[in-house]
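Reviewing the structure listed below.
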There are 2 protein chains.
Amino acid sequence: MNAKKAVERQTGVALWRQIADLIRLSISNGDYDQTGMVPPETVLAGQFGVNRHTVRSALAALANEGLVQAIQGRGTMIQRKERLSFPISRRTRFSQGLGDQARETEARLLAKATVPVAGDVAKGLKIDPGALCIQLDLVSSADGRPVSCSTSFFPQSRFPAMAEEFERLRSITKAFAAQGLADYVRISTELVARHADAGELALLRLSPGAIVIEATAINADPEGVPVQFSRTRFAADRVKLKIET
Amino acid sequence: MNAKKAVERQTGVALWRQIADLIRLSISNGDYDQTGMVPPETVLAGQFGVNRHTVRSALAALANEGLVQAIQGRGTMIQRKERLSFPISRRTRFSQGLGDQARETEARLLAKATVPVAGDVAKGLKIDPGALCIQLDLVSSADGRPVSCSTSFFPQSRFPAMAEEFERLRSITKAFAAQGLADYVRISTELVARHADAGELALLRLSPGAIVIEATAINADPEGVPVQFSRTRFAADRVKLKIET
DNA sequence: TATAGTTGTCTATATTAATAGACATTTCGG
DNA sequence: CCGAAATGTCTATTAATATAGACAACTATA
């Protein structure tokens with residue numbers, strides 16, 4: 001694993017961004033744990049085979065994310081180093097799974113609406129196209145850092161007060177419970193990874209070019225009747241999805 | 001969904017690459033299914049708010065991937081449009097799960113070695129650090145297109161002939177069977193998404209800047225004793241991972 | 001067969017990314 | 001308190017990216 005780390009030219013991705021991504025990866029892999037510092041700029045420039053200024057651009061981007069902090073004369077220190085491990089199982093819930101990985105989790109409501117659904121959503125919820133659903137858009141954070149943003153649909157006929165209950169209780173699980181659904185399970189999850197779009201960049205406070213993992217999931221009541229269709233976009237560099245079978 | 005698609009400047013990702021990524025996404029979303037063609041360059045340039053030449057660079061990249069083909073006077077036709085759905089469950093196997101999605105699947109052996117393992121691998125396999133394992137590096141393809149590349153470790157003491165059996169039978173499942181292990185199950189899968197490195201770009205024939213999903217998995221025999229530790233990198237734009245709980 | 005609509009090619013220019021080198025400034029240990 | 005090692009700042013140059021416009025070449029159709 002001592003090979004020169006690879007950056008490529010003329011790919012449409014600036015060298016400084018490729019290098020920033022690689023350093024971010026090394027940090028979360030714990031490669032620099034012994035010192036708690038990023039190697040000196042000249043060393044990195046040598047490893048990547050680029051000019052020191054290019055490395056400085058990469059480090060500036062990481063400093064802008066709050067991941068590292070450079071101190072003149074000393075070096076560049078690692079400020080944060082995390083990748084939340086996120087369980088996906090039949091009993092997936094946002095806040096629970098994080099357990100003691102974060103001191104504080106929060107789900108903020110961005111938007112609520114009552115909309116007719118069709119296509120994927122209607123099919124997933126096994127309801128007729130055009131039927132009304134409550135739509136909730138959320139951003140979930142751990143320790144103040146956004147981790148995911150999601151759009152969920154709930155059949156209005158069954159959960160007419162979903163939006164209000166969520167605002168009151170600030171938890172999907174509790175909002176379900178308040179409307180008579182004590183338990184639910186994940187029956188389907190599909191994952192796709194792609195570049196974040198502009199809206200996601202803003203919501204998740206990502207730097208452009210960042211990656212999101214999009215999880216399309218369906219939750220159902222114990223009888224198997226779908227109760228929630230959700231599309232959650234995780235900031236890929238902040239999470240590790242752990243599948244429990 | 002009629003909003004102008006967003007591209008951002010000065011992000012370290014060239015506009016033509018951002019646009020190529022967005023068009024690729026639209027293609028796999030089926031946005032152009034009615035015509036089977038990408039909209040004209042001038043229309044795309046308007047949508048993205050860039051010069052036509054910039055769109056042409058994006059389309060040239062996609063043509064280079066074999067995703068589209070431009071024909072002078074007619075337009076730019078979509079050549080391929082797929083995303084293999086890849087099941088992940090207790091019974092995950094490569095070729096089986098793809099079912100009728102591909103006519104032909106292949107696993108090619110890149111390298112074999114006997115190596116002492118440590119760290120993650122030893123811990124995952126529940127063996128002592130320094131114990132010997134058979135390491136197999138594979139590239140898996142469906143219909144001639146590489147889908148994933150993987151590195152697997154098998155305890156040498158239990159499966160001494162893993163490499164040879166795999167070369168003979170061209171299947172992990174069959175190689176296990178030939179060494180007395182009739183059945184195995186997935187006990188752990190962790191997913192991370194990141195940019196592909198140079199080696200992966202070459203192996204999976206990806207265009208630079210592409211995304212891979214890295215799945216770190218452990219398979220065990222029916223008694224729960226780990227038999228395989230694998231790290232598989234999927235070409236993110238070619239697969240959809242379907243988690244079955 | 002004319003023509004509208006499309007991709008292909010060329011030239012020119014401006015902006016951004018990357019390299020190169022020099023030197024200032026700060027920190028820390030001997 | 002000196003000097004090695006690190007980051008900060010500046011100038012200059014080259015290469016890659018993006019814009020702009022004009023026109024050629026090809027396709028389909030009215």
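In the text below, chain A, chain B and the rest are named by the order of the sequence lines, each starting its count at 1. Small disclaimer: the values here were computed from a predicted structure and weren't measured.
Across all strands, A/S57 comes closer than 4.0 Å to no nucleic acid atom at all (heavy-atom distances). Residue B/I71 is in sugar-phosphate contact alone, with no base atom involved, counting any heavy-atom pair closer than 4.0 Å across all strands shown.
For A/R52 against D/dG8, a side-chain-to-base donor-acceptor contact under 3.5 Å is present. The base of C/dG21 sits with one of its N or O atoms less than 3.5 Å from a complementary donor or acceptor on the side chain of A/H53.
Under the 4.0 Å criterion applied to side-chain N and carboxylate O atoms, B/E200 and B/R194 are assigned as salt-bridge partners.
As a whole-Å value, the separation of B/W16 CH2 from C/dT16 P is 18 Å. The interatomic distance linking A/Q69 (CD) with C/dT26 (P) rounds to 16 Å, in whole Å. Atom CG of B/L44 and atom P of C/dT6 are 11 Å apart (whole Å). For the pair B/Q72 CD and C/dT7 C1', the interatomic distance rounds to 5 Å; values are reported in whole Å. The interatomic distance linking A/E41 (CD) with D/dA6 (C1') rounds to 8 Å, in whole Å. In this structure, B/R56 places its CZ atom 14 Å from C1' of D/dG21, rounding to the nearest Å. The distance from atom CG of B/L62 to atom C1' of C/dT7 is 16 Å, rounded to the nearest whole Å. Taking atom CZ of residue B/F48 and atom P of nucleotide D/dA18, one finds them 13 Å apart after rounding to whole Å.
Side chain of A/T35 to backbone of A/M37: a donor-acceptor contact under 3.5 angstrom is found. The backbone N or O of A/C149 sits nowhere less than 3.5 Å from a side-chain atom of A/R231 that would complete a donor-acceptor pair.
When every heavy atom of A/F153 is checked against every heavy atom of A/Q135, the shortest pair comes out as CE2-OE1, 3.5 Å. Smallest separation of non-hydrogen atoms from A/F229 and A/T216: CZ-CG2, 3.6 Å.
Checking A/Q228 against A/S152 by side-chain atom types alone, a donor-acceptor pair falls below 3.5 Å.
Taking 4.0 angstrom as the limit, A/R74 places none of its side-chain polar atoms (N or O) nearer than this to OP1 or OP2 of C/dT26.
One axis for each end of the helix from C/dT1-D/dA30 to C/dG30-D/dC1, each built from five base pairs, and the angle between them comes to 30° at 10° resolution.
Both A/G73 and A/T54 sit near DNA chain C, but only A/T54 has its closest nucleotide nearer the 5' end. Nearest-nucleotide positions on DNA chain D for B/N51 and A/T76 put A/T76 closer to the 5' end.
For the side-chain contact (heavy atoms from CB on, under 4.5 Å) with A/L67, the qualifying choice from A/I78, A/I23, A/L62 is A/L62, the only one to do so.
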